[in-house]
Amino acid sequence: MCGIYGVVGPDVHTGRMGALLAHRGPDGENETAVSGATLGHRLLSIRDTPQVSGQPVTRAGSPWMLSFNGQLYNTATLALHESIPYADLDTTMLFELIIRRGWEFVSHIEGMFAIALYNTESHELRLYRDASGQKPLYYMRVDGTVRFASEIKALIDASDKRVDTLGLAVAETIGFIPGGRTLISGIMKVPPGACVHITQNEMHTESFAAGETEYEGEPREVMRTCIREHLLGREQVVINLSGGMDSSLLAYEMKELGFKVITYTTRFDIDSPRFNDDADLAQKLARDLGTDHREILITKREYMNRLECSLAAVEEPNYNVSIPTYLALAEREGANGDGWRVVLSGDGGDEIFGGYDQYKSHQRHAEKAQRFGFLYNAALALRSGRYTDFSDPAARWLYHKRFRGTPPDTRVLPYLRAERERWAAKNASPRTDAVYQGMVSDRALWLAGENFIRSDKIFMTQSVELRSPLAYPPLRRYFDARLSATDYFKGSFNKVALRALYRGALPSYITDREAKTGWRSPVSLWYDASMKRTFLDILSDAPNILDWNNVRSVVEKTDRWPSKEIHVYLSLAALAKKFSLT
């Protein structure tokens, strides 16, 4: 896990770019400049020592320059099938693969990554982002010069700081911006599973084919193999434990693999079992598994002290009410706390095993739309005030994700559909059942566009690498090929196949628990006059990128928490101030 950046064009000076990414790589900074290009790298050393891990990577007599952020998990496969000498440092093996395969290297790697690869002979730059979208990468082109970086803050000085109107419309509609847009005009992000080709005269984006890794064997052994691969490195790996199925199986398998297991969870300083049942479950499981378990008590004051700064740290609009809680967790685990560098998360499990009730709703709407056609769509339009074509997976997804009262914007659905279809063309199976198609929508749009953007930015403020084994594409492909629509839900239970897989290994209070866990911050219970004033203060002096009077009136007219929709506007205000947007 690192930070990458660079400039290609007539003026290759990077200025403050490296310094602005220092939190992503506290172990050192290097730049390599040639005629027409400079590539930079901030190092967070995990797989090997800082002395041998420096980047960018070059080789005498070779035209390739590489700057790499992330982890490759199929290095053993590369050694076996590509005859590449095995190395603890995955960057070494990646560069050797590039020497041998050229631009085709990307179809042979599996992992989480953001990669900048420059060829000094063709003067071509290509930017890659992994198919699960775990590593963000941004870029912009101004006056013939291309700049790229792991975070927006390293690009903002070169932009005109105008708001992207489509990005803003998408954010107001669903609370975040998936795909290739951002809030800032001219600053784009590499979409998940895509490569941006950049030459002197051309710039275009295309999806790349998934890697070649295919798991075989029994499901539990495949799961264990996947988790083992995500424990690679010389650093102790710790786990964010919520007490749900996903993080619980990570802790169980890590213990079975013989690793020391250190677990973290959050507990809220409030008298409400509804918001602390996650912590109770995690505490009980940690005791039964014998982990080194650590709790972080989150008070209302600590939450509020981190509210605006945590929203700004994400650098993109985001409605998630628990972002300040995640920052408190990262602060405890990371460089200025307990000093860990690698954390495992259960993110991705819901989108592979059917973890959300909305997927059942996708199936119900699709079946009725198929049976009754336009009449069903029209009947729901009368009730909701908006027409939805429930035969369209993107439209079904937007129906469930759209904020209430959002002003309609005819550009939003076509944008979401195009981003979903681009990703699905290379990363989804031919299955057509609505539950699977709903999970595909979430993988392409929500998981890559909200979850991983948020997680990467928040944890990297504390120089922490977050790994999510359950979002690993080979694991997705394995279970997608073996599960059907009937394997996800039974009665009121979700994740039926996963529960069955771990029944008897994990305690029944985990496998047979009906309610979903997820560290839900109790903002609705904390909300009072002081929090209301804080909300209004954040909204009050924001640059005029939208009509803030309407937003403030929503807060002012009630003493109750205005619901999660208000949080995307808090994030928009925080970002507008941070980047001085117009």
Side-chain angles (χ1 to χ4, degrees), residues 163-179 181-183 307 310-311 314-324 350 356-359 361-362 365 377 380-390 392-417 419-420 438 441-442 444-451 453-454 516 518 520-521 523-524 527 531-532 535-536 538-539 542 545-558 560-576:
V163 166
D164 184 290
T165 59
L166 177 54
L168 178 60
V170 173
E172 287 192 274
T173 303
I174 61 174
F176 61 99
I177 308 174
R181 295 276 181 167
T182 72
L183 183 62
L307 178 58
S310 64
L311 294 174
V314 176
E315 297 192 315
E316 295 202 45
N318 196 293
Y319 67 92
N320 193 302
V321 303
S322 291
I323 289 176
D350 291 317
Y356 295 119
D357 286 341
Q358 70 188 33
Y359 299 144
S361 180
H362 279 255
H365 287 310
N377 298 338
L380 260 68
L382 289 174
R383 184 189 308 172
S384 67
R386 290 195 181 93
Y387 180 83
T388 298
D389 178 3
F390 287 102
D392 176 2
R396 287 198 301 267
W397 184 85
L398 180 58
Y399 176 83
H400 291 92
K401 291 291 186 180
R402 185 192 295 272
F403 286 160
R404 298 187 304 273
T406 305
D409 191 309
T410 58
R411 299 173 297 170
V412 172
L413 178 57
Y415 172 77
L416 296 174
R417 183 185 295 115
E419 292 293 334
R420 181 196 187 279
S441 297
D442 267 352
L445 301 173
W446 180 81
L447 195 60
E450 190 277 325
N451 187 301
I453 293 290
R454 162 189 28 100
K516 186 171 179 55
R520 298 152 295 181
S521 299
V523 183
S524 59
Y527 197 76
M531 186 176 286
K532 180 177 181 176
F535 281 21
L536 290 171
I538 293 173
L539 298 169
I545 63 171
L546 52 80
D547 186 355
W548 293 111
N549 289 329
N550 287 339
V551 180
R552 286 193 292 268
S553 68
V554 171
V555 179
E556 289 169 342
K557 70 182 181 182
T558 178
R560 299 179 60 185
W561 178 53
S563 80
K564 68 180 181 181
E565 285 87 1
I566 198 63
H567 288 256
V568 72
Y569 287 101
L570 295 173
S571 78
L572 286 167
L575 294 174

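What's counted below: heavy atoms across the whole structure, side chains too, no hydrogens, waters or symmetry copies. Computed from a prediction, not measured in an experiment: that's the story for all the values here.
Taking each heavy atom of L575 and E316 in turn, the nearest pair found is CD1-C, 3.3 Å. When all heavy atoms of G438 and W397 are compared, the pair lying nearest together is O-CD1, 4.5 Å. Between I566 and P562, the shortest heavy-atom distance links the atoms CB-CB, 4.0 Å. Minimum heavy-atom separation, A395 to T388: O-CG2, 3.7 Å.
Side-chain atoms of Y415 come within 3.5 Å of backbone atoms of P178 as a donor-acceptor pair (strictly under, hydrogens ignored). Side chain of T558 to main chain of R560: a donor-acceptor pair is present (N/O by atom type, distance under 3.5 Å, no hydrogens or angles). The main-chain N or O of N318 is found under 3.5 Å from a side-chain atom of S571 such that the two form a donor-acceptor pair. Side chain of R454 to backbone of I323: no donor-acceptor contact under 3.5 angstrom is found. A donor-acceptor distance shorter than 3.5 angstrom exists from the side chain of K532 to the backbone of E556, with no hydrogens or angles considered. For the pair R396 (side chain) and F390 (backbone), a donor-acceptor distance under 3.5 Å is present.
Not counting sequence neighbours, W548 has no partner by the side chain to side chain donor-acceptor pair (under 3.5 Å) test. Taking R411 as the reference, D409 meet the salt bridge (charged side-chain N to carboxylate O under 4.0 Å, His left out) condition, with sequence neighbours excluded.
Interatomic distance, S361 OG to D357 CG, rounded to the nearest 0.5 Å: 9.5 Å. Summarising the geometry, atom CG belonging to D389 is positioned 12.5 Å from atom NE2 belonging to H365; distances are rounded to the nearest 0.5 Å. Put simply, CE on M531 and CG on L307 are 7.5 Å apart, with the number rounded to the nearest 0.5 Å. Taking CG of L572 as the start and CG of L539 as the end, the distance is 9.5 Å to the nearest 0.5 Å. Put simply, OH on Y319 and CD1 on I174 are 8.5 Å apart, with the number rounded to the nearest 0.5 Å. One finds the CG atom of L445 at 13.0 Å from the CD1 atom of I177 (value rounded to the nearest 0.5 Å).
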Stepwise, does the side-chain contact (heavy atoms from CB on, under 4.5 Å) test hold for F176 with V314? CA-CA 11 Å; F176 61 99; V314 176; over 6 Å; no

List the steps and the verdict of side-chain contact (heavy atoms from CB on, under 4.5 Å) for V170 and V412. CA-CA 6 Å; V170 173; V412 172; 4.2 Å; yes

Go through the steps for V555 and Y569 under the test side-chain contact (heavy atoms from CB on, under 4.5 Å), then give the verdict. CA-CA 11 Å; V555 179; Y569 287 101; over 6 Å; no

Candidate pair R386 and Y399, rule side-chain contact (heavy atoms from CB on, under 4.5 Å), full reasoning: CA-CA 9 Å; R386 290 195 181 93; Y399 176 83; over 6 Å; no

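Within the 4.5 Å cutoff, the side chain of K401 has heavy atoms near those of the Q358 side chain. Side chains of Y359 and H400 form no contact here, defined as non-hydrogen atoms less than 4.5 Å apart.
Taking the six-membered ring where tryptophan is involved, the planes of Y356 and W446 are perpendicular, since the angle between them exceeds 60° and thus also 30°.
In summary, of the residues considered (D164, V163, L168), a side chain to side chain contact (heavy atoms under 4.5 Å, CB included) with L166 occurs for D164 alone.
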